[in-house]
Amino acid sequence: MSRYKRNTIYSRIKFYYFISILLFAGLLGRLYYLQIYDNRDLKLQGLKQRSTEINLRSKRGTIYDRNLIPLTNREVTKTLVAPREAIINNKEILKKVKENTELSTIEINKILDTNNKLVQIPLTRKIDIENANNIFIVDIINRYSKTNLLSHVIGYINKAENRGESGIEKVYDEFLNKSDKSSLFIEYDKNRSLVLGSSYYVDSSVAPEEPAGVRLTIDYYIQSLVENILDEGDIKGSVIVADVETGEILALASRPSFNQEHMEEYFNRVDMALYNKAVQVSYPPGSIFKIIVLLAALEEEPDIINQEFYCKGYESINNVTINCNSTHGDISLKNGFAKSCNSVFIQIGKKVGSKKVIEMAKRLGFGEKVNIGLIEEVEGILPEGKELLGPAIGNISIGQGKIEATPLQITNMLLTIANGGVQKDMSIVQGITTKDGKIIKDYNKMEDKRILSEELSNIAKEFLEEVVYSGTARAIKLDDIGGAAGKTGSAEGLLKSKPTIHGWFAGYYPRDNPRYAITVLVEEANSGSISAAPIFERISREIFMLNK
């Protein structure tokens, strides 16, 4: 064999030998990666094939209040996880379970009557079960609390798809749909009949600086006291509490509420439990709208503040007669506002005209969304075109007819007055956070905007103070903690297609240096004075006690 052939063969052998070593090294590397570096994923896939997975925490990021108090993922429930037959066939275990759960016997039987081989039963405390193999007691972190605090703002999810369906859950779904996962896997034998044991799996896939949560402007403690007050009085309606200085919403409640864990119970109900009545439903503002008429009149004809009016108990416009709440006789504008005299405001409405009144309403944010960060918000209704002509000024002057506003729009107006005519950009979201609540992107807020002159606002403040001092809200007694100012309203509306009265009180506390703007709406009320004003008073007093 020639030297050339021998060298060629030798070179080829070396080449194939080198390629074989590379392939073998690659296989070893891949095997190392799969068995050592990536063994968690392999183990997880294996567990999923031979096990039943129990989620120990929500698959979604946390929603926080302004003080980093979790509003979701906050409650832990001791939960018994066991084969259904193991509980049915052991009377002693079944007895212990019944003694240590809030579920009724009917509810427990319903769980045990299913075809599920593995069942979960929530407990009030951990129980000791002797000589009971394959029965586990675990801590499960619930997405929502039992109180369903702030349910309308937080919203709810489609559990099957882990997708936000309403409220903050929907608006920020792309960020909340990320969370570290924790699961318990119950393993079975090849016949899927015998529990062999359990394995825990924890996935810390969300990086510390990755967006995975939302922080709200809501104050957990103020929200709690507002909801307790509404529930104690079995009130239907809504309440908003806002920070006067910043425009941030500290509490927003709507009643009736709903249980976020059992949404299927509410979709066919007619009590509007799923509606956020603070932003999603508009109502006739009634005498609250007299604030708008007052401002329009003072701006158009400043001397009107010194004029005297006469109330004969009613006003007639063409063939339409509108009654007043009393026959006041000679009365000033200030007293007419304090006593909510319809006659006075229909008279000044006729002087100013519908167009000027509606222009003022639009300037103060009526007829458009306030845009606090909730997609459910509606615009309300303002009359236009032919709806402003003729006798329409009668209803416009007293906030009836075609006019509708949300409690949020009313609060927005009160904030502007309390801030001396400067409109704040209201918000309910502070920003997007990491999984630990650190804000990494602030909510974009518009700059403050002057809407009214300071002089005009000061006159409005003086009139609002008179309502509490001598007018329709004189039953409010808050002088010992700084006093208050505001306006009552009683509006004729429809609820479930039937005529009803909605009671309003919108105001601020304390009187001289306002800190909180509070709007109360009560459906099916007696009046704003009787139904809504006392709730405002109690909320103000409890906030004062909270801050002591």
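Just so it is clear, the model here is predicted, and its values are computed rather than measured.
Heavy atoms only, all atoms of each residue included: Pro284 and Ala491 are closest at O-CB, 3.0 Å. Across Pro285 and Ala405, no two heavy atoms sit closer than the pair CD-N, 4.4 Å. Taking both residues in full, the closest heavy atoms of Arg511 and Asp479 are given as NH1-OD1, 3.4 Å, listed atom of the first, atom of the second, then distance. For Thr406 against Ala278, the heavy-atom pair with the smallest separation is CB-O, 3.7 Å. Annotation for Ile417 and Ala460: closest pair CG2-CB, 4.0 Å, computed over non-hydrogen atoms. When every heavy atom of Ala418 is checked against every heavy atom of Val244, the shortest pair comes out as CB-CG1, 3.9 Å.
Under a 4.0 Å N-O distance rule, the pair Asp173/Arg60 qualifies as a salt bridge. Under a 4.0 Å N-O distance rule, the pair Arg143/Glu75 does not qualify as a salt bridge. For the pair Lys146 and Glu102, the salt-bridge criterion is met [side-chain N within less than 4.0 Å of a carboxylate O]. Salt bridge annotation for Arg541-Asp480: present, with a cationic side-chain nitrogen under 4.0 angstrom from a carboxylate oxygen. Using a cutoff of 4.0 Å between basic side-chain nitrogens and carboxylate oxygens, Glu299 and Arg363 are scored as salt-bridged. Between Asp243 and Arg515 there is no salt bridge, since no side-chain nitrogen of the basic residue lies less than 4.0 Å from a carboxylate oxygen of the acidic one. Under a 4.0 Å N-O distance rule, the pair Lys277/Glu523 qualifies as a salt bridge. Here Glu261 pairs with Lys159 in a salt bridge; the nearest charged N to carboxylate O distance falls below 4.0 Å.
Residues passing the ring pair (Phe, Tyr, Trp, His ring centres under 6.0 Å) test with Tyr283, sequence neighbours excluded: His502. For Phe536, the ring pair (Phe, Tyr, Trp, His ring centres under 6.0 Å) partners at least two apart in sequence or on another chain are Phe505.
With hydrogens and angles ignored, the 3.5 Å screen pairs no side-chain donor or acceptor of Thr411 with any backbone N or O of Ile240. A distance-only check finds no donor-acceptor pair linking the side chain of Arg538 to the backbone of Ser540 [under 3.5 Å]. Judged purely by atom type and a 3.5 angstrom limit, Asn342 uses its side chain to pair as donor or acceptor with the backbone of Asn323. In this structure, Asn318 contributes its side chain and Val320 its backbone to no donor-acceptor pair below 3.5 Å. Between the Lys445 side chain and the Thr246 main chain, a donor and an acceptor come within less than 3.5 Å of each other.
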Tabulate below the donor-acceptor pairs under 3.5 Å that side-chain atoms of residues 331-341 make, not counting sequence neighbours, or state none.
from, atom 1, to, atom 2, distance (Å)
Ser332, OG, Asn335, N, 3.2
Ser332, OG, Asn335, ND2, 3.4
Lys334, NZ, Glu462, OE2, 2.8
Ser340, OG, Ser287, OG, 2.9
Ser340, OG, Lys290, NZ, 3.0
Ser340, OG, Lys487, NZ, 3.0

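Looking only at side-chain heavy atoms (C-beta outward), Asn526 and Ile501 stay at 4.5 Å or farther from each other.
The number of heavy atoms from other shown groups lying within 6.0 Å of CG (Leu389) is above 12.
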- Message: Set out, in order, the CA-CA distance, both residues' side-chain angles and the distance that settles side-chain hydrogen bond (donor to acceptor under 3.5 Å, both in side chains) for Ser282 and Glu404, then state yes or no.
- Response: CA-CA 5 Å; Ser282 57; Glu404 288 187 4; 2.7 Å; yes
- Message: Please evaluate residues Ile229 and Glu542 with respect to the criterion side chain to side chain contact (heavy atoms under 4.5 Å, CB included), reporting the C-alpha separation (whole Å), side-chain torsions for both, the decisive distance (0.1 Å), and the verdict.
- Response: CA-CA 10 Å; Ile229 289 170; Glu542 292 202 17; 4.0 Å; yes
- Task: Go through the steps for Gln347 and Glu315 under the test side-chain hydrogen bond (donor to acceptor under 3.5 Å, both in side chains), then give the verdict.
- Result: CA-CA 8 Å; Gln347 289 174 46; Glu315 287 293 316; 3.2 Å; yes
- Item | Pair Tyr221-Ile69, side chain to side chain contact (heavy atoms under 4.5 Å, CB included): steps then yes or no | CA-CA 10 Å; Tyr221 299 105; Ile69 297 174; 3.6 Å; yes
- Task: Could you walk me through whether Ile428 and Val153 pass the side chain to side chain contact (heavy atoms under 4.5 Å, CB included) test, one step at a time?
- Result: CA-CA 9 Å; Ile428 202 167; Val153 171; 3.8 Å; yes
- Task: Begin from the C-alpha positions of Phe258 and Asn148 and carry the test side chain to side chain contact (heavy atoms under 4.5 Å, CB included) through to its verdict.
- Result: CA-CA 7 Å; Phe258 59 90; Asn148 293 109; over 6 Å; no
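Figure legend: cation-pi geometry between Lys362 and Phe366 absent, as NZ or CZ is not positioned both under 6.0 Å from the six-membered ring centre and within 45° of its axis.
Proximity of the aromatic rings of Tyr275 and His152 is defined here by a centroid distance below 6.0 angstrom, and this criterion is not met.
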